[in-house]
Colleague: 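Can you read through this structure? Questions will come right after.
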There are 4 protein chains.
Amino acid sequence: MRQKSAAHGNRGGGRRKRSPGRPRSEQARLSILSSTLKLLGENGFSELTIEAVAAHASVGKATVYRWWPNKAALIADAFASSTTRKLHFPDTGSVRTDMSQQMRQLVKIFRSRRGRIVSAILGAGQSDRDVIGAFRERFMKPRRQEAYDTLRRGILRGELCEDVDMDLLLDSLYGPIYMRFLIRHDKLTPDFVDRLCELVLSGACPCRNLPTPGMS
Amino acid sequence: MRQKSAAHGNRGGGRRKRSPGRPRSEQARLSILSSTLKLLGENGFSELTIEAVAAHASVGKATVYRWWPNKAALIADAFASSTTRKLHFPDTGSVRTDMSQQMRQLVKIFRSRRGRIVSAILGAGQSDRDVIGAFRERFMKPRRQEAYDTLRRGILRGELCEDVDMDLLLDSLYGPIYMRFLIRHDKLTPDFVDRLCELVLSGACPCRNLPTPGMS
Amino acid sequence: MRQKSAAHGNRGGGRRKRSPGRPRSEQARLSILSSTLKLLGENGFSELTIEAVAAHASVGKATVYRWWPNKAALIADAFASSTTRKLHFPDTGSVRTDMSQQMRQLVKIFRSRRGRIVSAILGAGQSDRDVIGAFRERFMKPRRQEAYDTLRRGILRGELCEDVDMDLLLDSLYGPIYMRFLIRHDKLTPDFVDRLCELVLSGACPCRNLPTPGMS
Amino acid sequence: MRQKSAAHGNRGGGRRKRSPGRPRSEQARLSILSSTLKLLGENGFSELTIEAVAAHASVGKATVYRWWPNKAALIADAFASSTTRKLHFPDTGSVRTDMSQQMRQLVKIFRSRRGRIVSAILGAGQSDRDVIGAFRERFMKPRRQEAYDTLRRGILRGELCEDVDMDLLLDSLYGPIYMRFLIRHDKLTPDFVDRLCELVLSGACPCRNLPTPGMS
DNA sequence: CAATAATCGAGACGGTACGTCACGTCTTCTT
DNA sequence: AAGAAGACGTGACGTACCGTCTCGATTATTG
């Protein structure tokens with residue numbers, strides 16, 4: 001997924017001897033990654049050629065292949081290296097507001113030029129498990145950890161059931177966004193996000209769990 | 001998207017004159033479509049080559065290109081031609097049961113060998129609007145029409161609000177399934193479907209819309 | 001050495017069925033061969049790239065590789081297809097004059113732009129037996145057959161021993177020319193040819209050195 | 001052609017200051033040269049890569065390039081450094097025996113594993129004047145000087161004309177050997193050498209063909 | 001029945017990008 | 001300063017498919 005070798009520049013912890021030979025060019029690495037993102041945003045995954053990436057980065061094709069085994073690994077790495085520092089969860093005192101605000105940010109990104117890259121990653125990920133894995137680990141997981149915290153605050157405040165299935169709840173909140181983002185069958189607006197939050201979170205409210213249909 | 005020409009085999013309305021020349025070979029058409037599905041299921045979209053399809057179908061490459069403008073149109077057609085006749089919505093008298101049963105069928109398909117094809121379509125669709133369009137029109141839309149009927153029955157029975165946003169509701173039900181199917185971050189089980197239905201539909205229940213948080 | 005397949009265009013003798021598919025393009029073939037000769041004459045063997053040949057011939061690289069397995073086969077074929085129709089042996093009534101005149105023609109070719117090609121062939125032939133084989137069979141052999149005839153006429157006229165070793169004699173005549181041509185340690189002039197003929201042929205006379213022509 | 005710099009290891013005349021820094025590694029030099037010969041004998045010129053030479057000699061690539069400007073210079077040097085100390089001309093009292101014996105030795109080398117190297121050199125020399133130049137200067141010229149002496153002894157003994165063209169004569173003797181060696185159209189046997197000597201030297205006799213040695 | 005016309009399988013065509021290899025240069029640390 | 005190591009930009013390699021094109025053969029309608 002990542003670099004084929006971490007032999008260079010590793011001075012983590014002990015006094016590692018640097019491996020001999022010319023060290024990897026950090027400049028080339030960065031240039032390749034940013035060229036990848038640029039071209040990916042312009043033309044989509046299937047039009048992205050390593051030849052073009054190398055040319056645009058003023059780098060030899062072999063240098064790309066030396067460090068990334070294939071196109072999928074390259075874009076996964078490029079995406080991960082650029083992951084937005086934004087998308088934080090606020091703490092407003094209301095689960096629904098917290099979630100809604102973060103989800104609006106996500107939608108904003110999906111609708112921006114970066115959204116092109118995300119959909120390229122998810123598309124490529126359908127035929128390459130490393131790519132989809134990188135998306136999960138580097139993009140999704142960190143945010144989900146924060147989301148857990150947000151939900152937990154809601155539980156403490158009594159806004160959510162104590163025994164709520166957080167994964168189910170979060171997938172119910174984000175799933176529709178991903179669905180509209182990927183299938184493009186309907187609008188992906190801030191208003192949609194709000195109504196989605198209302199619908200799903202109202203089902204997760206503890207006060208009185210409405211009886212399931214047919215049981216009343 | 002479909003065939004480039006409908007000159008042959010058109011028997012729509014009365015006694016049309018068949019155009020001269022050798023008619024299109026139905027056998028070749030079927031052989032191409034089934035070869036496409038087979039290879040798509042084996043290797044994914046990006047590994048699918050028209051060269052291989054033609055060879056596997058014992059057909060000239062030009063015959064493929066004569067009827068389908070590109071790979072995307074081909075797999076869209078192949079997929080559509082094979083769309084399961086199943087996936088019907090039952091009418092059990094309960095919205096939740098109706099939806100739950102259909103969604104379970106969908107999940108079953110997603111987890112079967114055909115799921116590979118669906119994910120290939122959706123993945124390819126991220127860089128080809130024709131493909132994702134074909135998926136929407138031929139796979140999703142017909143089912144959604146049926147789903148509208150199912151929801152409408154629920155409304156009549158009083159199980160759902162009269163003013164429920166059906167698109168929002170359906171996306172909330174199916175979105176999490178697509179999300180888990182595409183991102184593969186969590187299990188896609190029948191139990192998940194049930195709990196998902198419970199969560200979402202309980203939020204769409206009319207009886208008493210719980211006040212939105214902070215408004216009570 | 002030659003084309004990988006002779007499946008096309010063979011109507012020699014019987015009524016052969018032509019193999020199916022688009023027939024080989026004669027125009028492409030000729031364009032490739034002449035481009036090869038041109039570039040070979042300009043830059044020598046090691047600078048000759050198939051990429052350049054294809055580009056110069058306005059032909060796809062694959063078309064070159066489809067018919068010639070490697071560079072050596074290509075230049076062997078190109079050389080053979082261009083073999084000079086000249087280099088005939090005259091019949092003046094004197095072995096020495098006959099040989100001398102033909103050898104002068106050969107030297108003239110060696111010193112011309114075509115000589116560059118010949119030396120490239122012989123050079124490449126040192127690491128590829130097919131190339132040197134093509135040179136022997138297509139260039140050398142036909143001329144040697146004519147040379148035998150010339151020598152035989154000399155024997156009949158009494159200019160040469162009856163039991164002369166014709167191969168030895170011919171190698172003695174041509175070897176020095178090839179040597180100077182390839183090692184370039186000394187001039188390759190018409191005068192050199194004449195004195196070479198005199199030296200060698202005087203040694204092939206049965207009993208007494210025949211006087212040089214025109215001196216008797 | 002040779003080393004780019006003679007800064008090191010010069011002990012010519014007196015107490016020269018050795019230039020500072022680490023002296024050139026004689027071991028590396030020898031290892032490179034012998035690796036070159038080994039690989040050249042195995043695979044021919046065009047398959048010989050500097051990369052492989054360096055790897056086989058356990059030497060950095062830059063070390064090769066520091067001392068030899070290109071592949072041609074390298075193999076020329078490698079060849080020269082290994083030039084057989086043999087190939088001397090005997091002094092038997094007969095030109096023909098002297099020449100014949102030396103030529104037999106040459107043929108023996110041509111037919112040995114070292115012949116592979118010689119033909120690689122001559123082949124490479126067709127597209128690189130430095131290589132063929134090195135062959136002339138280091139291999140051919142020294143022997144030719146000895147050959148002149150041998151011929152001069154023959155003149156003094158009356159075996160050869162006084163005004164014989166020694167270059168023509170030597171090319172007539174060696175040319176056929178090189179021709180058969182390079183074009184491989186006929187056998188290169190000791191017997192061939194003998195008959196070649198007889199043919200050519202009998203033509204170089206001043207007035208009458210001297211009887212073959214041992215027959216007088 | 002012959003002529004016309006469009007399809008078929010086959011496969012060569014001019015291209016583009018692939019992923020690999022060697023080139024000759026460079027940058028690092030070690031000797 | 002030379003050494004081994006090995007990454008660098010460059011460019012040709014030989015391959016795989018692209019989508020187009022010519023073939024002869026086949027199968028229909030039309031005259």
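Every chain is numbered from 1 and lettered A, B, ... according to where its sequence line falls, protein lines coming before strand lines.
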Colleague: At under 4.0 Å, does any side-chain N or O of Arg66(D) touch on OP1 or OP2 of dA2(F)?
Modeller: no

Colleague: Rounded to the nearest 0.5 Å, what separates atom OG in Ser82(A) from atom CG in Asp77(A)?
Modeller: 10.0 Å

Colleague: Evaluate Val64(D) against Leu74(D) for side-chain contact (heavy atoms from CB on, under 4.5 Å), listing each step before the verdict.
Modeller: CA-CA 8 Å; Val64(D) 180; Leu74(D) 175 59; 4.2 Å; yes

Colleague: Measure CG/Leu74(D) against P/dC23(E) and give the value in whole Å, please.
Modeller: 11 Å

Colleague: Please determine which of Val59(C), Ile75(C), Leu39(C), Leu40(C) meets the side-chain contact (heavy atoms from CB on, under 4.5 Å) test together with Val53(C).
Modeller: Leu39(C)

Colleague: Counting only N and O atoms by type, is there a donor-acceptor contact under 3.5 Å from the side chain of Ser31(C) to the main-chain atoms of Ala57(C)?
Modeller: yes

Colleague: Assess the residue pair Ile121(B) and Ile117(B) against the criterion (side-chain contact (heavy atoms from CB on, under 4.5 Å)); give the C-alpha distance rounded to whole Å, side-chain angles, the decisive distance to 0.1 Å, and a yes or no.
Modeller: CA-CA 6 Å; Ile121(B) 301 261; Ile117(B) 295 172; 4.3 Å; yes

Colleague: For Asn70(D) and for Ala57(C), find the nucleotide of DNA chain E with the closest heavy atom, then tell me which residue's nucleotide is more 5'.
Modeller: Ala57(C)

Colleague: Please enumerate all protein N or O atoms sitting under 3.5 Å from an N or O of nucleotides 1-5 of chain E, with distances to 0.1 Å.
Modeller:
none

Colleague: Expressed in angstrom and rounded to an integer, what is the separation of Glu47(C) atom CD from dC23(E) atom P?
Modeller: 14 Å

Colleague: Nearest-Å distance, CH2 (Trp67(B)) to P (dT20(F))?
Modeller: 15 Å

Colleague: Round to the nearest Å and state the distance from Glu26(C) atom CD to dT22(F) atom C1'.
Modeller: 16 Å

Colleague: For Ser25(B), check side-chain contact (heavy atoms from CB on, under 4.5 Å) against everything at least two apart and list the hits.
Modeller: Gln27(B), Ala28(B)

Colleague: Measure all distances between protein nitrogen or oxygen atoms and nitrogen or oxygen atoms of nucleotides 10-12 of chain F, and list the pairs falling under 3.5 Å.
Modeller:
none

Colleague: Check the pair Asn43(C), Leu48(C) against side-chain contact (heavy atoms from CB on, under 4.5 Å), reporting the backbone distance first and the verdict last.
Modeller: CA-CA 7 Å; Asn43(C) 296 318; Leu48(C) 179 75; over 6 Å; no

Colleague: Tell me whether the NZ or CZ atom of Arg24(C) lies within the 45° cone about the ring axis of Trp67(C) and under 6.0 Å from its centre.
Modeller: yes

Colleague: Can you find a side chain N or O atom of Arg24(A) that sits less than 4.0 Å from OP1 or OP2 on dG6(F)?
Modeller: no

Colleague: Calculate the interatomic distance between Arg29(D) atom CZ and dG3(F) atom C1'; express it in whole Å.
Modeller: 16 Å

Colleague: Consider the side chain of Tyr65(A), meaning its heavy atoms from C-beta on, and name the nucleotide among dG9(F), dC18(F), dT20(E) that approaches it most closely.
Modeller: dT20(E)

Colleague: If the test is side-chain contact (heavy atoms from CB on, under 4.5 Å), which one of Thr63(C), Thr36(C), Leu33(C) qualifies with Trp68(C)?
Modeller: Leu33(C)

Colleague: Rounded to the nearest Å, what distance is computed from the CD atom of residue Gln27(B) to the C1' atom of nucleotide dG9(E)?
Modeller: 12 Å

